[in-house]
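Presented below is the structure to which this report refers.
Numbering of residues begins at 1 and proceeds along the displayed sequence. As the structure lists them, so they are numbered: ligands from 1, and atoms in each ligand from 1. Just the heavy atoms: all of them, side chains too, but no hydrogens, waters or symmetry mates, feed the values below.
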Amino acid sequence: MIYLLLQWYIILPVLLCLFYWHGTRNFSHWRKLGVKHIPPEFFFGNIRKRVLFRVSFHELQKELYFSFAGERVAGIYEGRRPVLMVRDPELIRLVMVRDFDHFVDRPVLRFRQRPSVSNMLISLQGAQWKSVRAILTPTFTSGKIKSMSLLVMDVGKQMVSFLNNLIDKPDGCEMEMKDFFGRFTLDVIASCAFGVQCDSLQSPDAEFAAYAGKFNDIPLHERMIIFTVLLFCPQLARFLPLSFMNKGVLNFLESVVRDTKERRIKEGIRRNDFLQLMIDALESEKDEEKSVLNEDIVIAQAILFLLAGFETSSTVLCFTAFELALNPDIQSKLREEISRVLEKHGGECNYDAVQEMEYLDMVIHESMRKHPPVARMDRKCTKEYAIPDTNITLKPDASVTIPVMGLHYDSQYYPDPERFDPLRFSSEEKAKRSPYVYLPFGSGPRNCIGARFALTSTKMALVYFLQDFGVEPCSKTKIPYAYSKFSMLLKADKGIWLNIKRLANCSNHH
Ligand code: HEM
C-alpha cells in the first residue's frame, strides 16, 4: 500500500509537470520571432474571456485587433496555439490572393466523421478541395443563379402572403426578426439545395423545418470535449467520432438528398436548383476514369449549403431590418428606389430588377460591414512562407487569421464606424480604400462560393418585404443589441425584435 502511495506521489507531480510543460511550451513563440503579442496565460492563452463565455466571439476579435493598433501583424495565443493575426490590407492580399498556394487550407478540427461531413468543401484540403471546388464553381454562375431566382421568388411571395394574413391590425405586429427571416432563408435553401418545398413560415413544424431547427443540438458533454480538444490537443481529434452537428439531423438530410436524387433520375424530373446541377455533374462524370464526384460528396455539399447559407443569410437580413428600423430615412430612400425600379419591370421583383437597385446594394454591404456574420477568416500555412518586409517565416501548419470584425470597425477605413451609412459603398467611396478592409465573404480562391447567391436571395427578400411592409423599433427592441456570448456566428442576445407594419398604400398585388 505504502509502495503504491509513494508511486503516486511521484507519478502525479510528473504528470502535472508534463501537462504544464505541454500547455506552455509554445509560449515563447512570438517573443522569439519578435512579433508584438500579449503575454499568454496557462490553458487560456489570450482568450480567457471567451473560454469562460464572458465576451462574445465578435467582441473578442474586435478587442484583439484594436490591442495591436499600428502593427502590420500581431501574435496571439489561442489556448497553447500561436496564431498570426494579419492586420495590414496589403499583407492580407498576399495571404488570401497572390500567395494563396501557401495558404490553401483552413485550420479545422478533423474529427473521425462520416463522409457527408468530412467531404464538405469548407473543410476539404489541398488537391481534393481544388477538384471539388472546380466542379461546384459552375453551379454558382450568374446565369445559374438567375434561373434559381425563380425559386426564390416563389418563397418571397409566400412570405408576403404570410405577413398579409398575420398583420391585420393597423399598428402592426411585433416579431423576432432572426426567427422570421430564418424561416424565409430555410425555405430558400430547402428549395435550392434539397429540392424540398417546405413553407416553414406557414407551418414551422413541417418535417424539414423541425429537423433543421435541431441542427446544432449536441449533448453538453460532447460540446465540452470538443472545446477541450480544440484548445489543448487538436491532434487527438481524428481519433474521436465527434461532430458539431446532430446525428439524427444528419441522417434525415442524407436520406432527403438520396431519395430526391433517385426519384429525379428514375422519373426523369428536372428542377432549376443546386441539387440538379450536382446530380447532372455526377451523371456526366460517372463514366470517366478519374471521376471526382460521388454520391457522398454531393450529399455533403447539400448539407453544407444549409450549414453555410442558413445562419449567415438570415443574420444579414435580420440586422439589415434592424438598421432600417433605426434609420427611417434610409428605409424610405430604399423603398423609393424599389418602387422606381419595379415600375420599370412591370411591378415584378425579378433577378434583373434586383440587379439594378444600386442603393439596395449599398445598404446590404453597409449592413454586412457593421454586422458581419463571420468575425474572422482563417488560413493554414501549407508551404513555408517568408512574410515580405518582416523577418517572420511561417512554417507548414502555422495558423493565420484575418481580423474581419476589427477591420470593419477601424476608423482609418470607416470614419465614425458606429454610424450606419450606406453611402460608404458608393463607387467613389469604395475606390478610395483597399478591398481587403471589407471581407464579409472572405477573399481569393477560397472565398465564399455562395456569395452571389446569398446577395441575390437576401436582396429579393428585402424587396418583397419593403414593397408592402415597414419596420420600426418596438418596446422589446434593445438598442444597442447585446451580442450573444454562446455563438461563433453573429447573434443578438434575446434576438432582434421589431414592429412590422403594413404600409398604408400597400399594393397587395400578390
Ligand atoms: C450572407 C451570407 C453568407 C456569408 C456572410 C458567408 C460568409 C462566408 C465566409 C466568410 C466564408 C469563408 C471565406 C474565406 O475563408 O475567405 C464562407 C465560405 C463558404 N461559404 Fe459562405 N457565406 C454566406 C452564404 C453562403 C451560402 C448561401 C452558401 C451556399 C449556397 C455558402 C457556401 C459557402 C461555402 C461552401 C464556403 C467554403 C468555400 C471553400 O472552402 O472553398 N455561403 N462563407
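Annotation: cation-pi pair R87/Y436 absent, no NZ/CZ under 6.0 Å from the ring centroid and within 45° of its normal. Annotation: cation-pi geometry satisfied between R369 and Y414 (NZ/CZ under 6.0 angstrom from ring centroid, within 45° of ring axis). Figure legend: K178 and F181 shown without cation-pi pairing, the cationic atom not lying both under 6.0 angstrom from the six-membered ring centre and within 45 degrees of its axis.
Not a single N or O atom of D378, backbone or side chain, sits closer than 3.5 Å to an N or O atom of ligand 1. In terms of N/O distances under 3.5 Å, ligand 1 is approached by R379.
Distances from atom 30 (C) of ligand 1 to the heavy atoms of F103, F310, F305 put F305 nearest. Compare K130, R133, M96 by their heavy atoms: the one nearest to atom 41 (O) of ligand 1 is in R133. Summarising the contacts of atom 42 (N) of ligand 1 with P440, S313, C448, the nearest heavy atom is found in C448.
Ring geometry for F465 versus F469: interplanar angle of 30 to 60°, hence tilted.
Residue-ligand proximity, V316 to ligand 1, at heavy-atom distances under 4.0 Å covers atoms 1 (C). Less than 4.0 angstrom separates some heavy atom of M377 from each of these atoms of ligand 1: 10 (C), 12 (C), 13 (C), 14 (C), 15 (O), 16 (O). Listed by number with element, the atoms of ligand 1 under 4.0 Å from a non-hydrogen atom of R446 are 13 (C), 14 (C), 15 (O), 16 (O), 39 (C), 40 (O), 41 (O). The atoms of ligand 1 that sit less than 4.0 Å from any heavy atom of W129 are 39 (C), 40 (O), 41 (O). Applying the 4.0 Å criterion to heavy atoms of S443 picks out, from ligand 1, the atoms 16 (O). Within the listing of ligand 1, atoms 1 (C), 2 (C), 24 (C) sit less than 4.0 angstrom from a heavy atom of A454.
Atom 34 (C) of ligand 1 has as its closest protein heavy atom I449 CG2, 3.8 Å. Looking from atom 36 (C) of ligand 1 to the surrounding protein, the closest heavy atom is I122 CD1, 4.0 Å. In this structure, the protein non-hydrogen atom closest to atom 26 (C) of ligand 1 is G309 CA, 3.5 Å. Taking atom 4 (C) of ligand 1 as the reference point, the nearest protein heavy-atom neighbour is F441 CE2, 3.4 Å. At the shortest separation from atom 28 (C) of ligand 1 among protein heavy atoms lies G450 CA, 3.7 Å.
At least one heavy atom of R106 sits less than 4.0 Å from an atom of ligand 1.
Using modelled atom types, one finds a donor on one side chain and an acceptor on the other under 3.5 Å when comparing S399 with R81. Side-chain polar atoms of E59 and S56 form a donor-acceptor pair below 3.5 angstrom.
By the 4.5 Å heavy-atom criterion applied to side chains, M405 and P372 are counted as neighbours. Between F103 and Y385, some side-chain heavy-atom pair lies under the 4.5 Å cut-off.
Ion pairing of K459 with D361 is present here, as a side-chain N (NZ or NE/NH1/NH2) and a carboxylate O approach within less than 4.0 Å.
Remark: side-chain polar atoms of Q301 are paired, donor with acceptor, to backbone N or O of I297 under 3.5 angstrom.
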